[in-house]
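Structure record follows, encoded as C-alpha cells.
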Amino acid sequence: MAALRAAELGARTALVTRQRFGGMAANDGAVPVRTLAHAARLIRETRQLGRYGIATVEPILDYPRLLARVREVVEDLQAHSGVRERIDRLGVSIYEHAGVAHFVEPHTIEAENGLRLKGEKFILCAGGMSRRLGVPGFELTVTHSDAWDLTAVPSSMLVIGAGATGVQVASIFASFGSRVQLLQAGPRILPGEDEEVSAAMAAAFRTQGMEVREDFGVIGSFEKAPNGVRMHFSKNGIRGCAEAEIAVVAVGWVADTTGLGLSAAGVETDQRGFVRVNAYQQTSAAHVFAAGDITGQLMLVPQAVNAAFVAATNAVRGATLPLWKQVSPIGSFTDPEFAQVGLTETKAREQHDVVIAKVRFDATPRTIIDGRTNGFCKLIVNRAAREILGCHVVGERAVEITQVAAVAMTAGMPVNELARIPLSFPTYAAILGRAAYVAIRQLGLEGAGHQHELLNSTASEPARTKNGRSE
Ligand SMILES: Cc1cc2nc3c(=O)[nH]c(=O)nc-3n(C[C@H](O)[C@H](O)[C@H](O)COP(=O)(O)OP(=O)(O)OC[C@H]3O[C@@H](n4cnc5c(N)ncnc54)[C@H](O)[C@@H]3O)c2cc1C
C-alpha cells in the first residue's frame with residue numbers, strides 16, 4: 001500500500017523486499033494459517049454429520065496434501081490480488097529477493113544482493129518477528145512458520161505462550177490430533193481479551209482434551225528428549241518439566257529492525273524496540289516514515305494497510321494527514337472462535353457506568369439449528385449515553401458478529417437504534433441484535449427491538465441484577 005499510494009501521488013517509487021512480494025500475511029501469516037484453520041473447521045463439521053443423519057467415516061488428515069492446498073491458496077490469492085498489477089502499472093520498480101536492506105547514510109540504502117538506491121523519502125514497512133528467548137536450548141524450539149516444513153502432524157506439542165498466535169496454533173493442531181499442552185506464564189490465557197472470554201476459551205480447550213496450564217512458571221531451558229524436546233521450568237523454587245515431539249514458542253512479536261541500520265538514518269526506536277512514529281507515521285528522522293508491525297501499533301493487516309496509506313500520503317505531500325481513530329475488531333479462528341471490539345468489561349467499568357448484556361449461544365435459534373451452542377455474545381453499553389463501548393464474543397462466527405458491532409460503533413449508533421434493526425432471522429448477526437435488545441430492557445427503554453424478544457432468543461426475559469448485568 002505504501003508503494004502503491006506513493007506512486008499514485010506521482011512519486012518515483014521503488015519497493016525493496018528481502019524475500020517474496022506480499023509480506024507475511026500473504027506468505028506466512030494470516031492466509032496460510034487461515035487455510036489450516038479452515039481444514040480444522042472442515043474436520044469438526046464432518047464430525048457433526050452423524051447428528052444430522054448423514055453417514056460418514058472418521059475424517060483422516062493427509063498433512064502433506066493439506067500443505068499443498070496451503071501453497072495453492074497462497075498462489076491463487078497472489079494471482080488474483082490485483083495489487084501487484086496496479087503497482088506494476090504505476091511504474092513502481094520492484095526489487096524482490098533483495099536480501100536485508102539497510103541504511104548506509106540518511107538518503108541511501110543497500111541490500112544484500114548489492115542493490116544501492118538513493119531516495120528523498122523512505123517508508124519502513126519491515127514488519128516484525130517472533131520474540132526469541134535467551135534460554136539454553138532455545139534453538140530446539142520452533143515458531144508457527146515451521147508448520148510449513150513439517151511432514152506429518154506431530155503426535156504431541158508444547159505451545160508456549162497463549163496469546164492470539166499461540167492459541168491458534170494450539171487449537172488447529174489439537175483438531176488435527178496432536179496432544180497439545182498450552183503453557184501460559186500469566187494467570188490467564190489470552191490476556192488481551194475480556195476475562196470472561198479467556199475463561200470460556202480455556203474451558204472449551206480443556207473440554208476438547210487440551211492441557212491448559214496458566215501460571216506455569218519461568219522457563220529455565222530446553223533440551224533434546226528421546227521423543228522430541230523437554231522444557232525445564234520452575235515456579236516458586238519448585239522445578240518442573242514438560243515434554244513433547246515439538247515445542248512451539250509464541251511469546252510475543254517484536255519489530256524486525258535487525259540489520260536495517262536505523263541509526264545511520266537517525267531513526268529512533270521506543271523502549272520495546274519498535275520504530276517510534278507520530279500521528280503522521282513520521283519517524284524521528286523527518287524524511288523517514290513507517291507503517292505496520294514495525295511501529296508496534298495494533299499488529300494486524302487492515303491497520304497496517306491504513307497506516308501505510310497515511311505514511312505514503314505524508315511522505316509525498318508533507319505531514320498533513322493524521323492517522324484517523326479506528327474502531328478495530330480483532331478475532332481468531334480457533335475452535336471455538338473468539339473476537340472483540342472496543343473496551344473489555346473491566347476497562348469499561350473503570351471509566352463508565354455501564355450495563356452488560358449477555359446472550360448465551362445455547363439460547364438462540366441459529367446456534368441451536370447449527371448445533372453450535374457453546375459460547376456467548378456480551379455487549380457493554382454506557383448507561384447514560386446508550387453508546388456501545390464493547391462487544392465480546394466466543395463461539396461460532398464470533399469474528400463476523402464483532403464486525404457488525406464495529407460498524408455500529410464506528411457509526412456512533414446508540415444501542416436502541418441497533419436493537420431496532422430487523423436483522424435477518426435466524427442469523428448469527430441477530431445474536432448481536434438480541435444482545436442490544438437485552439441491553440435496552442436493562443436501560444428501561446421501550447418501543448424498540450421486540451422482534452428479538454420473539455425471534456432471536458429461546459430463553460425467557462433475562463433476569464436483571466444489581467451490577468448492571470443480565471444474562
Ligand atoms: C500466525 C499469524 C497469523 C496472523 N493472522 C492475522 C490475521 O488473521 N489477520 C490480520 O489482520 N493479521 C494477522 N496477523 C498479523 C499480520 O500478518 C501482520 O500484522 C502484517 O503482516 C503486518 O504487515 P507489515 O507490512 O507491517 O509486515 P510484514 O507483512 O511482516 O512484511 C514485512 C516485509 O518486510 C520484509 N523485510 C523485513 N526486514 C527487511 C529488510 N531489512 N530489508 C528488506 N525487507 C525486509 C520481510 O521479509 C517482509 O516481507 C498474523 C500474524 C501471525 C504471526
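Since this is a predicted model, take the numbers as computed values, not measurements. Whatever order the structure lists them in is the order used to number ligands and atoms, beginning at 1. Numbering of residues begins at 1 and proceeds along the displayed sequence.
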Just list the side-chain donor-acceptor pairs under 3.5 Å for residues 287-298, sequence neighbours left out, or say none.
residue: His287; atom: NE2; partner: Pro106; partner atom: O; Å: 2.7
residue: Asp293; atom: OD2; partner: Trp253; partner atom: NE1; Å: 3.0
residue: Thr295; atom: OG1; partner: Gly292; partner atom: O; Å: 2.7

Q) Within less than 4.0 angstrom of ligand 1, does Gly259 place any heavy atom? A) no
Q.
So for ligand 1, is Val16 a polar contact partner (N or O within less than 3.5 Å, distance only)?
A. no
Q | contact_flag Arg34 ligand 1 heavy-atom lt 4.0 Å | A | yes
(Q) Regarding ligand 1, does Met299 bring an N or O atom to under 3.5 Å of one of the ligand's N or O atoms? (A) yes
(Q) Would Val301 count as being in polar contact with ligand 1, using the rule that some N or O on each side must be under 3.5 angstrom apart? (A) yes
Q) Hey, does Asp293 come in under 3.5 Å of ligand 1, counting only N/O atoms on both sides? A) yes
For residues 210-221, which side-chain donor-acceptor pairs fall under 3.5 Å, sequence neighbours excluded?
residue: Glu214; atom: OE1; partner: Arg206; partner atom: NH2; Å: 2.8
residue: Glu214; atom: OE2; partner: Arg206; partner atom: NH2; Å: 3.4

Q | Salt-bridge contact Glu350-Lys347 (side-chain N to carboxylate O under 4.0 Å) | A | no
Q: Run the salt-bridge test on Arg20 and Glu75 with the 4.0 Å N-O cut-off and return the result as yes or no.
A: yes
Q: Would you name the heavy atoms of Gly166 and Leu182 that are closest together and state the gap between them?
A: O-CD1, 4.3 Å
Q) Taking both backbone and side-chain atoms of Ile294, is any N or O found less than 3.5 Å from an N or O belonging to ligand 1? A) no
